[in-house]
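Letters go in sequence order (proteins before strands), and every chain restarts at 1. Values below: all heavy atoms of this structure, side chains included; hydrogens, waters and symmetry mates excluded.
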Amino acid sequence: QISQELAIANATELVNKTTENCFEKCLTSPYNSGNENCVDQCLAKYMKSWNTVSKAYIARIQQASTSGEI
Amino acid sequence: QISQELAIANATELVNKTTENCFEKCLTSPYNSGNENCVDQCLAKYMKSWNTVSKAYIARIQQASTSGEI
Amino acid sequence: QISQELAIANATELVNKTTENCFEKCLTSPYNSGNENCVDQCLAKYMKSWNTVSKAYIARIQQASTSGEI
Amino acid sequence: KELTTFIEAENSKQKVQMSIHNFTNTCFKQCVTSINGPDLDNNEEQCLANCVNRFLDTNIRIVKGLQSMQ
Amino acid sequence: KELTTFIEAENSKQKVQMSIHNFTNTCFKQCVTSINGPDLDNNEEQCLANCVNRFLDTNIRIVKGLQSMQ
Amino acid sequence: KELTTFIEAENSKQKVQMSIHNFTNTCFKQCVTSINGPDLDNNEEQCLANCVNRFLDTNIRIVKGLQSMQ
């Protein structure tokens with residue numbers, strides 16, 4: 001049950017951050033019209049960025065743990 | 001008592017956000033002088049914005065709930 | 001034990017804010033190279049700013065408390 | 001049982017309130033660019049309502065996009 | 001009873017600490033624009049102290065304004 | 001005892017997850033400047049990986065700097 005709560009917290013965080021970032025990149029004041037195409041591409045890019053960041057961070061943690069840094 | 005705690009949380013959030021936004025809009029580095037007139041007008045505009053946003057959001061929730069979207 | 005937890009919360013907050021601010025001031029996209037010299041100076045400036053802010057805030061609290069404002 | 005219903009109702013009311021705080025904060029920054037009086041002009045008012053609606057559109061689009069990825 | 005007093009004292013100390021973290025974060029961004037050594041110059045120092053005082057002025061003005069609306 | 005181990009493991013997994021959310025948010029803003037398709041180009045990909053590594057370098061440098069001040 002703890003794992004499930006954390007999964008929900010993670011999904012919520014992902015939805016919030018993606019919405020904020022894609023709203024910022026795809027829409028501009030005075031917000032007369034939407035841009036679904038941009039939002040879809042932005043979401044795809046965000047998910048790929050998440051993967052790239054994730055790999056770089058985990059590689060760094062493993063390297064530090066191998067070299068005895070942590 | 002729960003309702004009261006939530007009311008305090010809401011009031012605190014309102015004070016914090018208004019202070020941040022009106023500080024940002026009315027005062028500039030190196031902050032030699034204040035601008036109470038601007039702060040007063042900014043607060044009035046912020047409260048009106050809160051109402052406009054509130055109405056638009058609640059209209060949207062009701063519409064979604066009527067159309068069976070949620 | 002409460003005091004200790006608060007001390008940890010404070011230290012964590014300080015590390016996080018300093019890292020964010022000094023990353024922002026010292027490094028720029030596309031992040032090809034580091035700038036340890038700038039980070040060191042930025043940390044020194046941040047700690048001095050912390051002291052200046054701290055003094056100004058506490059002076060203000062004391063003044064308000066003396067004048068019976070709070 | 002009644003207490004649970006009461007707490008749930010308070011919780012969802014509180015979530016709506018906190019969303020309104022966040023939308024007002026984001027949309028005020030984008031739509032209210034100058035403080036030249038205590039009233040919102042028509043453009044600002046329209047921009048605020050649009051901003052909420054476009055933000056919610058983006059949020060819904062993102063959630064659907066993430067669901068279709070699973 | 002003593003424990004309650006102790007916890008309340010710790011709480012209010014902690015609130016002051018967290019405010020100092022927030023003020024330092026906001027005012028450092030606005031007042032310290034370049035990192036060209038480990039020391040604050042006089043302008044930066046003055047700007048930091050002004051920034052805290054103007055922020056507190058704004059906060060007090062907002063609270064009074066909100067109270068008068070009720 | 002097993003429960004404690006489980007909770008600790010979940011906690012540290014959760015911290016890594018939340019760090020990835022924060023890094024993605026920060027580095028996406030800095031490295032992905034235009035949305036012109038669903039894929040990251042090589043420059044963006046490289047910038048994202050660099051960004052994580054420079055942020056961690058800065059974090060480590062700051063922690064060491066703070067420790068040496070004590």
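- Using a 4.5 Å cut-off between heavy atoms, N32(A) touches chain D through backbone and side chain atoms alike.
- Heavy atoms of S33(A) lying under 4.5 Å from chain D belong exclusively to its backbone.
- If you measure heavy-atom distances from T33(D) to chain A, you find no contacts under 4.5 Å at all.
- A donor and an acceptor atom, one from each side chain of E20(A) and N16(A), are nowhere located under 3.5 Å apart.
- The closest donor-acceptor contact from the side chain of T26(D) to the backbone of F23(D) lies at 3.5 Å or more, if one exists at all.
- Ring planes of F23(A) and F55(D): perpendicular class, angle over 60° (limits at 30 and 60°).
- The sulfur atoms (SG) of C51(D) and C31(D) lie 2.5 Å or more from each other.
- Both the backbone and the side chain of N59(D) come within contact range of chain A, judged by heavy atoms closer than 4.5 Å.
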